[in-house]
Amino acid sequence: QVQLVESGGGLVQAGGSLRLSCAASGRSFSTYAMGWFRQAPGKEREVVATISWSGGRTYYADSVKGRFTISRDNAKNTVYLQMNSLKLEDQAVYYCAARFYLGDVAGISGYDYWGQGTQVTVSS
């Protein structure tokens with residue numbers, strides 16, 4: 001079992017930056033791939049970025065490439081999402097998720113454990 005708690009959301013102006021954090025507790029955090037997902041009102045949840053257990057592999061949705069950076073610190077059981085140049089369309093609830101893979105994979109589906117979410121609001 002893995003418990004996930006997100007933090008760092010808030011209100012930011014378009015063009016600004018935020019850094020989300022996800023603190024994990026439970027067993028074997030360093031063996032799990034981690035992901036950030038988001039869901040805007042009236043839309044389906046979508047993958048934003050994922051990172052393999054080692055941090056050596058990452059995936060980004062096209063909409064955030066070049067603006068967002070996912071990273072992890074296995075010593076601190078924490079994964080981060082640095083969000084720069086925020087746009088109105090980035091406004092959503094952001095969720096952290098974890099899943100186990102055989103191998104160093106930054107997968108985009110099948111995540112088993114989820115946090116409660118943190119709201120990111122972007123103003124014009």
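Bear in mind that the values here come from a model prediction, so they are computed numbers and not experimental data.
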When you compare the side chain of [Y] with that of [X], does any pair of heavy atoms fall below 4.5 Å?
X	Y	answer
R45	Y95	yes
V122	K87	no
Y60	T69	yes
S25	V2	no
S52	V105	no

Within a reach of under 6.0 Å around [atom1] of [X], are more than 12 heavy atoms found that belong to other residues, nucleotides or ligands?
X	atom1	value
Q1	CD	no
R57	CZ	no
E89	CD	yes

Atom pair [atom1] ([X]) and [atom2] ([Y]), whose distance is rounded to the nearest 0.5 Å:
X	Y	atom1	atom2	answer
T78	M34	OG1	CE	9.0 Å
T58	K65	OG1	NZ	9.5 Å
C96	I70	SG	CD1	8.0 Å
Y59	T50	OH	OG1	7.5 Å
E6	W36	CD	CH2	5.5 Å
L81	R38	CG	CZ	9.5 Å

Check the hydrophobic clustering (I, L, V, M, F, W, Y; side-chain heavy atoms under 4.5 Å; chains of links allowed) and say if [X] and [Y] are grouped together.
X	Y	answer
L88	L11	no
I108	L102	no
F100	Y111	no

Task: Distance flag, aromatic centroids of Y32 and Y101, threshold under 6.0 Å - done: no
Open item on the list: Under a plain distance cut-off of 3.5 Å, with no hydrogens placed, do S30 and N74 share a side-chain donor-acceptor pair?
Closed with: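 No, because no side-chain N or O of N74 sits under 3.5 Å from a partner of the opposite role on S30.
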- [ ] Verify the distance criterion only: is there a donor paired with an acceptor across the side chains of T121 and Q91 at less than 3.5 Å?
- [x]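 Short answer, no.
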Considering all heavy atoms, the nearest [X]-[Y] contact:
X	Y	result
V47	A61	O-CB, 3.5 Å
L86	R67	CA-NH1, 3.9 Å
Y94	D90	OH-O, 2.6 Å
V120	G9	CG2-CA, 4.3 Å
F68	V48	CD2-CG1, 3.6 Å
T31	W53	C-CB, 3.7 Å

Open item on the list: Do R72 and F29 form a cation-pi contact, if we require the NZ or CZ to be under 6.0 Å from the six-membered ring centre and within 45 degrees of the ring's axis?
Closed with: yes
Task: Face-on cation placement of R99 at Y113 ring, 6.0 Å and 45° thresholds - done: no
- [ ] Determine, stepwise, if the pair Q13 / S123 fulfils side chain to side chain donor-acceptor pair (under 3.5 Å).
- [x] CA-CA 5 Å; Q13 282 192 322; S123 65; 4.8 Å; no
Task: Any donor-acceptor N/O pair, D104 side chain to S54 backbone, under 3.5 Å - done: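 Pair found, side chain donor or acceptor close to backbone of S54.
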